[in-house]
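Each remark here refers to the structure printed beneath this line.
Values in this document were obtained by computation on a predicted structure and should not be read as measured data. Just so it is clear: chains get the letters A, B, ... in the order the sequence lines come, proteins before strands, and each one is counted from 1.
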2 protein chains.
Amino acid sequence: MSIEIKIRLNNNLYLRDPQETTLGQRIIKDGIILIDEIGLEQFNFKKLAKKIGSTEASIYRYFENKHILLIYLVSWYWEWISYLIDMRTMNIESAEKRLKIIIKILAHASKNDPAINYVDQDILHRLIIAEGTKAYHTKAVDSENQKGFFLNYNQLTDKIGKIILEINPHFAYPNALASNLFEMANNHCYFAQHLPRLTDVQVEGDNFGEVEKMLCYFAFTLIGKVNEAE
Amino acid sequence: MSIEIKIRLNNNLYLRDPQETTLGQRIIKDGIILIDEIGLEQFNFKKLAKKIGSTEASIYRYFENKHILLIYLVSWYWEWISYLIDMRTMNIESAEKRLKIIIKILAHASKNDPAINYVDQDILHRLIIAEGTKAYHTKAVDSENQKGFFLNYNQLTDKIGKIILEINPHFAYPNALASNLFEMANNHCYFAQHLPRLTDVQVEGDNFGEVEKMLCYFAFTLIGKVNEAE
DNA sequence: TTATTCTTGATAGTAAAACTATCATTTGTT
DNA sequence: AACAAATGATAGTTTTACTATCAAGAATAA
């Protein structure tokens with residue numbers, strides 16, 4: 001007996017729902033691990049098939065190609081962040097406090113949730129940081145956006161944007177700030193580790209505390225309300 | 001007779017300097033056009049060779065592969081932005097005014113400079129917006145960074161960061177803000193056109209005025225000095 | 001229980017991508 | 001005129017990104 005969390009995603013993202021079968025779950029689980037290991041460019045379905053002891057053809061029965069698999073994983077991440085936000089900001093009155101919690105989630109992604117055993121969330125977080133934006137930086141953005149492939153990102157931005165407006169209803173850029181907090185969280189975790197001259201924060205191991213602090217400073221300074229929560 | 005601007009780039013980025021020959025310049029010129037047209041994923045040297053009436057083998061004599069060509073183009077852009085900043089902020093006393101000029105450059109990239117006829121800067125700007133970050137989001141970042149492939153971005157960040165510190169010497173995140181202004185400029189031009197729910201700005205044609213305005217608001221609010229220039 | 005269907009595995013094959021090698025021209029230099 | 005350097009032409013290799021076919025096993029329905 002255990003609680004099982006199922007993350008619902010646009011069913012045009014897959015040919016067969018990977019969450020429904022053990023093979024599908026292994027594609028997700030080891031797909032994340034392998035992309036993290038060798039990078040999206042070196043990754044392909046043949047290598048993944050070998051890793052999970054299956055065949056290329058079988059993986060193609062679940063996902064059209066690796067690009068769609070990436071969008072699936074990224075969507076999964078967006079939806080999971082959304083879920084974490086809902087869980088952890090529930091019953092919290094202060095919008096400032098809620099935004100602080102959101103920023104913590106964006107920076108740390110959070111430790112593994114045992115309720116989902118076919119996704120290693122720490123590795124997925126690293127994958128999103130390194131490869132995430134490739135999902136929507138292609139010539140197919142417009143058509144894929146129309147199919148709703150990026151709905152989860154849009155909704156996440158909406159959700160954070162609304163909380164920003166709660167703090168300051170006159171703030172002119174709620175959605176831009178929301179998406180920027182997300183992108184900045186990922187970028188500066190990456191920069192700290194690979195291109196340190198592009199940032200001022202430092203990351204020791206997987207402690208993204210400084211990233212969180214910076215995002216808080218940026219967000220609350222921009223929104224223009226002194227953080228009453230402290 | 002004409003003035004010719006030569007942009008110096010890390011010579012490990014190419015096997016033969018493309019700026020030195022007509023074939024090299026055509027690789028750059030039409031390479032930019034073709035990547036913009038079909039996207040980096042669909043782009044390859046065979047198609048480029050056909051476009052410029054040359055051969056695959058000849059292009060490989062200039063660049064190791066399309067990834068290195070991308071880094072070359074991105075570096076060219078960084079260096080060119082740097083040059084524009086130097087030109088247009090020269091002799092301007094006020095650091096605030098200089099930052100405003102920089103933000104204008106980042107958002108608009110600027111119209112074509114006839115001094116460089118083998119690079120269409122408007123198209124390059126669009127390419128950077130769509131494909132730029134792929135240059136440093138790979139498994140090879142660390143080794144390529146060590147080879148100095150991203151030096152131009154580091155230096156650009158330094159340059160902007162120093163001006164930010166001139167405005168407010170106590171600002172804690174000069175480099176992070178600098179790189180974020182660059183990334184945000186590109187992201188929100190892209191979002192406005194392809195994923196409008198992720199931003200609040202609108203872009204009509206190639207008028208990035210709203211992006212510029214937003215970046216100014218973000219930058220000066222964060223740096224914490226009222227903009228005396230207005 | 002058998003029959004049927006659905007899923008996976010095994011194998012093979014194709015077209016394109018990502019190169020490398022070789023040699024013949026052309027062009028530019030001394 | 002002689003030489004070197006750059007380019008073109010051609011061909012070949014390995015890997016990627018698929019698609020097709022058929023057989024074996026598992027699940028389900030009659």
Distance, rounded to the nearest Å, where B/Q25 contributes CD and D/dA6 contributes P: 15 Å
Qualifying ring-ring contact (aromatic ring centres under 6.0 Å, His included) pairs with a residue from residues 34-64 of chain A, counting only residues at least two apart or across chains: A/F45-A/Y60, A/F63-A/Y72
Residues in salt bridge (charged side-chain N to carboxylate O under 4.0 Å, His left out) contact with A/E37, at least two apart in sequence or another chain: A/K51
side-chain N/O A/R16 vs C/dT8 OP1/OP2, d < 4.0 Å: yes
Phosphate OP1/OP2 of C/dT8 contacted by A/Y62 side-chain N/O (<4.0 Å): yes
Length of the line joining B/L69:CG and C/dA18:P, which is rounded to integer Å: 12 Å
Rounded distance in Å - CD1 (B/I68) to C1' (C/dC19): 14 Å
Side chain of B/T21 (C-beta onward), nearest among C/dT8, D/dT7, D/dT16: D/dT7
Atom-pair distance (CG on B/L15; P on D/dT7), nearest Å: 12 Å
Side chain to side chain contact (heavy atoms under 4.5 Å, CB included) partners of A/E210, counting only residues at least two apart: A/V201, A/Q202
Side chain to side chain donor-acceptor pair (under 3.5 Å) involving B/S54 - partner list, sequence neighbours excluded: none
Grab the N/O contacts between the protein and nucleotides 17-24 of chain D below 3.5 Å, and write none if there aren't any.
unit_1: D/dC18; atom_1: O5'; unit_2: A/Y60; atom_2: OH; d: 3.0
unit_1: D/dC18; atom_1: N4; unit_2: A/E56; atom_2: OE1; d: 3.2
unit_1: D/dC18; atom_1: N4; unit_2: A/E56; atom_2: OE2; d: 3.4

Phosphate-side-chain proximity, B/T55 and D/dA9, N/O vs OP1/OP2 below 4.0 Å: no
Validation: residues 174-185 of chain B side-chain donor-acceptor distances under 3.5 Å, sequence neighbours left out:
unit_1: B/N175; atom_1: ND2; unit_2: A/D200; atom_2: OD1; d: 3.3
unit_1: B/S179; atom_1: OG; unit_2: A/L198; atom_2: O; d: 2.7
unit_1: B/S179; atom_1: OG; unit_2: B/N175; atom_2: O; d: 3.3
unit_1: B/S179; atom_1: OG; unit_2: B/A176; atom_2: O; d: 3.3
unit_1: B/E183; atom_1: OE2; unit_2: B/Y136; atom_2: OH; d: 2.5
unit_1: B/E183; atom_1: OE2; unit_2: B/Y153; atom_2: OH; d: 2.6

Centroid-centroid distance, B/H125 to B/F208, less than 6.0 Å: yes
Upstream residue (5' side of DNA chain C) when A/I52 and B/Q42 are each assigned their closest nucleotide: A/I52
Distance in angstrom units between A/K51 NZ and C/dG9 P, rounded: 17 Å
Separation of C/dT27 P from B/L23 CG (nearest whole Å): 14 Å
Whole-Å distance separating the CG atom of B/D17 from the P atom of D/dT7: 12 Å
B/K46 vs C/dC19: side-chain N/O to OP1/OP2 distance below 4.0 Å: no
Residue-phosphate contact under 4.0 Å: B/S58 side-chain N/O, D/dG8 OP1/OP2: yes
Between B/F218 and B/H188, ring centroids under 6.0 Å: no
Interatomic distance, B/L48 CG vs C/dC19 C1' [rounded to whole Å]: 15 Å
